[in-house]
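Both ligands and their constituent atoms are indexed starting at 1 by order of listing.
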Amino acid sequence: MIDPHLFDETDPAKWRLAIRVMAMPADTNAAGDIFGGWLMSQADIAGATVAVQAAAGRVVTVAVNEFRFVSPVAVGDIVEIYARVQRQGTTSVRVEIAAWARREMDPDSHHHVANANITYVAVAADGRPRPIASRTDPA
Ligand SMILES: CC(C)(COP(=O)(O)OP(=O)(O)OC[C@H]1O[C@@H](n2cnc3c(N)ncnc32)[C@H](O)[C@@H]1OP(=O)(O)O)[C@@H](O)C(=O)NCCC(=O)NCCS
């Protein structure tokens, strides 16, 4: 059994592996390549895992500030997405994201496939922005 305490993931400003997933045939575009929107979706999810921790609660994506496709992803690639908090504002968290692929035929390889910067906003139950520190403020 894996002991979760072996992993120190307390600091969202440090790079961490947020997602590891295999690119499947269902994720391809009409040309048979992996669809860029699939990778964007995975990056958004990866960034959100870090933003939720930094914001201590629910977040929504407000902006994809930058997304750069560095090299293609192929069916069968193991895609690993790393994320860290780059900047924290009053209600927003900007997350830096880097995606790498391990080819199916060469699982020890690392190919840089994308970089992104995505901003998330901490929201309250009504969907409006909330100050990030508010959760820890004394009642
Ligand atoms: C996100 C949302 C709650 C923000 O509400 P808002 O009233 O526009 O909020 P504000 O203008 O006060 O901005 C909130 C924060 O977002 C930041 N922000 C707004 N637009 C931004 C942009 N284009 N890029 C980066 N940051 C941005 C602001 O700087 C502010 O950050 P700060 O408090 O740390 O300074 C609202 O726009 C919303 O619900 N959007 C839809 C979210 C969603 O559905 N996402 C999924 C899309 S599929």
Q: Can you tell me how far apart CE (M40) and CZ (F69) are? Round to the nearest 0.5 Å.
A: 5.0 Å

Q: Quick one: ring pair (Phe, Tyr, Trp, His ring centres under 6.0 Å) partners of H112, sequence neighbours excluded?
A: W100

Q: Could you check if a side-chain atom of V95 sits within less than 4.5 angstrom of a side-chain atom of I97, using non-hydrogen atoms only?
A: yes

Q: Residue by residue, ordered by chain and number, which ones reach under 4.0 Å of ligand 1 with a heavy atom?
A: V60, T61, V62, A63, N65, G89, T90, T91, S92, T119, V121, V123, G127, R128, P129

Q: Output the distance between atom CD1 (I118) and atom CZ (F67), rounded to the nearest 0.5 Å.
A: 6.5 Å

Q: Extract all donor-acceptor atom pairs below 3.5 Å that involve side chains of residues 73-86 and protein atoms in other chains or at least two apart in sequence.
A:
| unit_1 | atom_1 | unit_2 | atom_2 | d |
| --- | --- | --- | --- | --- |
| D77 | OD2 | A74 | N | 2.8 |
| D77 | OD2 | R103 | NH1 | 2.3 |
| E80 | OE1 | Y82 | OH | 3.4 |
| E80 | OE1 | R102 | NE | 3.3 |
| E80 | OE2 | R20 | NE | 2.8 |
| E80 | OE2 | R20 | NH2 | 3.2 |
| E80 | OE2 | R102 | NE | 2.9 |
| R84 | NE | E96 | OE1 | 3.0 |
| R84 | NH2 | E96 | OE1 | 3.0 |
| Q86 | OE1 | R94 | NE | 3.0 |

Q: Could you list the residues that satisfy ring pair (Phe, Tyr, Trp, His ring centres under 6.0 Å) with F35, not counting sequence neighbours?
A: none

